[in-house]
Number of protein chains: 2
Amino acid sequence: MLEARLQEAALLKRLLDSIKELVTDANFECNEEGINLQAMDNSHVALVAVKLDATGFKKYRCDRPMPLGVNLNSLTKVLKCAKDDDICIIKASDDADILNLVYEARSSDRIAEYDMKLMDIDAETLGIPDTEYDARVTMTASEFTRIVRDLSQLGESVRIEVSKEGVRFASEGEAANGNVLLKQTEAAREKYANYGKEDEEPKEEDDDDDDDEEGSSSKKKIKKEKNMKKEDADVEMEGEEEDEDQEEFKPKSDDEGEEEQDEDEGDKKNGKKRKKAPAKSNGKPAKKVKKSDETPADGGVLIEMNQHVSLTFSLKYLVNFSKSSALSNTVQLMMSNDVPLLVSYKFGQGEIKYYLAPKIGEE
Amino acid sequence: MLEARLQEAALLKRLLDSIKELVTDANFECNEEGINLQAMDNSHVALVAVKLDATGFKKYRCDRPMPLGVNLNSLTKVLKCAKDDDICIIKASDDADILNLVYEARSSDRIAEYDMKLMDIDAETLGIPDTEYDARVTMTASEFTRIVRDLSQLGESVRIEVSKEGVRFASEGEAANGNVLLKQTEAAREKYANYGKEDEEPKEEDDDDDDDEEGSSSKKKIKKEKNMKKEDADVEMEGEEEDEDQEEFKPKSDDEGEEEQDEDEGDKKNGKKRKKAPAKSNGKPAKKVKKSDETPADGGVLIEMNQHVSLTFSLKYLVNFSKSSALSNTVQLMMSNDVPLLVSYKFGQGEIKYYLAPKIGEE
DNA sequence: TCGAGTCCTT
DNA sequence: AAGGACTCGA
């Protein structure tokens with residue numbers, strides 16, 4: 001038995017808008033901690049992972065873990081029947097063959113109820129390791145959207161290059177080449193000082209003891225990352241059907257990875273973890289990270305990095321990912337060389353993460 | 001070497017939006033005085049001429065005249081990558097095979113750079129004489145847009161008829177006939193009293209002594225116009241490839257035209273030069289003609305004419321021209337019987353002019 | 001007058 | 001399916 005009451009149907013609607021073109025069917029894995037969805041896109045090039053925390057619901061009850069196999073097109077249709085500010089109650093009985101959605105107007109004078117057929121979907125929940133990345137870029141979602149959309153006019157792919165000074169997105173096309181450089185600014189640094197530290201579990205890291213083992217950890221982390229991959233290989237994407245695309249996901253194996261940029265690395269990497277331990281939160285008061293963030297001004301990025309990274313990705317997917325800007329004002333790009341990019345949008349009740357393998361041939 | 005710095009990319013964006021459906025490729029003729037573009041539309045029925053004064057740029061440098069052959073679709077794409085309030089720097093080296101565009105955010109924390117391939121386009125710069133017209137109609141761009149769009153729903157063409165009292169736009173269609181009469185009002189007269197006299201070379205008229213020498217000069221001007229045509233025939237549109245459409249552009253041939261209107265003629269041609277000599281500004285204070293004009297109220301037209309004119313034009317083109325209302329709030333229609341209509345939008349940094357041959361058969 | 005939603009076009 | 005334009009509502 002699952003019963004989840006959502007304050008606003010809009011959240012689900014936006015969520016579905018974000019992923020429905022990438023994925024057609026997916027299991028909503030419900031357990032007492034919340035609802036998770038994970039799926040490869042239809043061409044098995046990208047992976048999307050959604051997490052909705054139980055705490056984000058007005059009411060949440062899930063007696064036992066259950067996968068709800070949903071056709072996203074159907075769910076999108078049903079969700080279109082909800083008004084944005086309707087209260088939305090989702091129910092499924094233990095046999096999990098029907099998803100029951102109730103939309104209740106704020107005023108309670110309208111109650112709509114929909115039953116949607118569920119389906120059995122092979123559970124391919126992939127264990128995605130909480131990898132460490134060499135570079136993390138935090139920026140406004142709208143700017144990211146803008147950049148990938150702009151560049152997608154020119155060419156098929158974009159090279160993303162991160163250095164301490166900023167991040168550069170560069171594309172080449174028949175008619176024109178273009179690149180956009182976003183500089184790290186003090187304003188951006190302050191703006192995002194607390195990003196992901198409130199309301200949100202970092203989750204992207206697994207070092208639970210402490211966030212700031214600066215120094216020392218660079219190697220460790222890199223190793224850890226690799227380890228993770230190995231360890232979870234069987235449950236990872238690689239473990240799945242052998243798709244040639246798959247290969248891209250487990251990039252070339254690490255030839256380098258011995259370097260130390262301890263201080264920076266430590267800082268960066270632990271940034272997320274450090275949330276609760278306000279070790280050095282720039283002294284900023286804990287601003288609520290509401291739906292996303294409340295910062296209005298565009299421009300500027302926060303760069304956290306150990307190492308210069310330069311990766312090339314298909315713009316088509318990035319444009320697709322960027323639809324999630326409806327869910328959050330802020331996006332984070334996590335990158336390590338030759339490793340899939342992680343694009344993360346955190347919102348009040350959870351997070352949506354996209355993984356995309358880099359183009360190997362560069363271009 | 002060309003380098004031009006534009007305060008707002010929006011100007012270029014709007015400019016391209018205005019013409020990109022009319023013309024696919026065109027030379028941006030750059031010289032020390034600014035940038036000019038001139039092209040026939042794809043079906044060789046209309047001609048568009050854009051002028052951007054060097055003085056309108058924040059910085060402008062052009063060492064030697066150079067034509068930049070641009071595919072307007074490509075340029076449009078590249079310009080879409082600029083935000084409206086970006087500073088836009090255009091550069092081309094002397095070999096002129098690449099156009100470099102840099103967009104700089106106001107905050108300078110974003111710098112985008114695009115390189116666009118240029119192409120060789122047969123220079124067909126047509127010498128367009130600064131013709132005298134029998135009638136000039138000045139009105140708000142939005143009203144013009146509205147009228148041609150409205151009438152285009154009824155029929156294919158519109159008859160524009162100018163009398164002292166006003167201007168009438170009339171169309172006939174299968175389902176309905178319609179006409180719109182705009183009366184000249186005192187308000188409009190005042191509103192436009194200084195239009196084009198500030199910031200801008202008049203250029204549309206050369207009667208520097210007065211705008212309203214009604215009566216007396218009508219014949220004179222007509223003659224002048226014809227002279228102009230003859231004189232510049234070789235460089236005029238007529239001089240181009242023999243397109244049957246061409247014919248429309250050189251309406252009836254001047255039977256008279258032996259007279260000398262030296263002063264007028266000289267004026268016209270030098271009109272641009274004369275700008276600094278504020279001969280007769282109607283005593284109006286020099287209101288800045290900013291982006292366009294600052295007059296808010298719609299309605300009413302200013303009519304300046306020697307002679308009643310009645311001409312029929314294809315609405316399709318007029319609707320197309322009217323896109324330039326993004327550039328200016330005011331439009332001027334210049335007409336003489338059997339001569340191409342000139343539709344002119346003046347904006348802070350220049351002007352865009354469209355020429356359209358009348359339909360001869362009337363309908 | 002501005003913003004959001006819908007419809008149409010590419 | 002996405003972007004732009006237009007219309008209606010707040």
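Just so we're on the same page: letters track the sequence lines, and every chain starts at 1. Computed from a predicted model, the values in this text were never measured in an experiment.
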Practice item. Report, as yes or no, whether the 6.0 Å neighbourhood of atom NZ on Lys77(B) holds more than 12 heavy atoms from other residues, nucleotides or ligands. Key: no

From CG of Asp84(A) across to C1' of dT6(C) the rounded distance in Å is 14 Å

From NZ of Lys83(A) across to P of dA4(C) the rounded distance in Å is 16 Å

Leu101(B) vs Leu75(B) side-chain heavy atoms within contact, under 4.5 Å:
yes

| said: Does Asp122(A) have more than 12 heavy atoms from other residues, nucleotides or ligands lying within 6.0 Å of its CG? | reply: no

>> Taking any heavy-atom pair under 4.0 Å as a contact, classify Lys323(A): base, sugar-phosphate, or nothing.
In response: sugar-phosphate

For this session: If the plane angle is over 60° it's perpendicular, under 30° parallel, otherwise tilted; pick one for Phe321(A) and Tyr354(A).
Result: parallel

salt_bridge(Lys359(A), Glu156(A)) N-O dist < 4.0 Å
no

Outermost contacting nts on DNA chain D, any atom under 4.0 Å from chain A heavy atoms, listed 5' then 3', are dA1(D) to dG3(D)

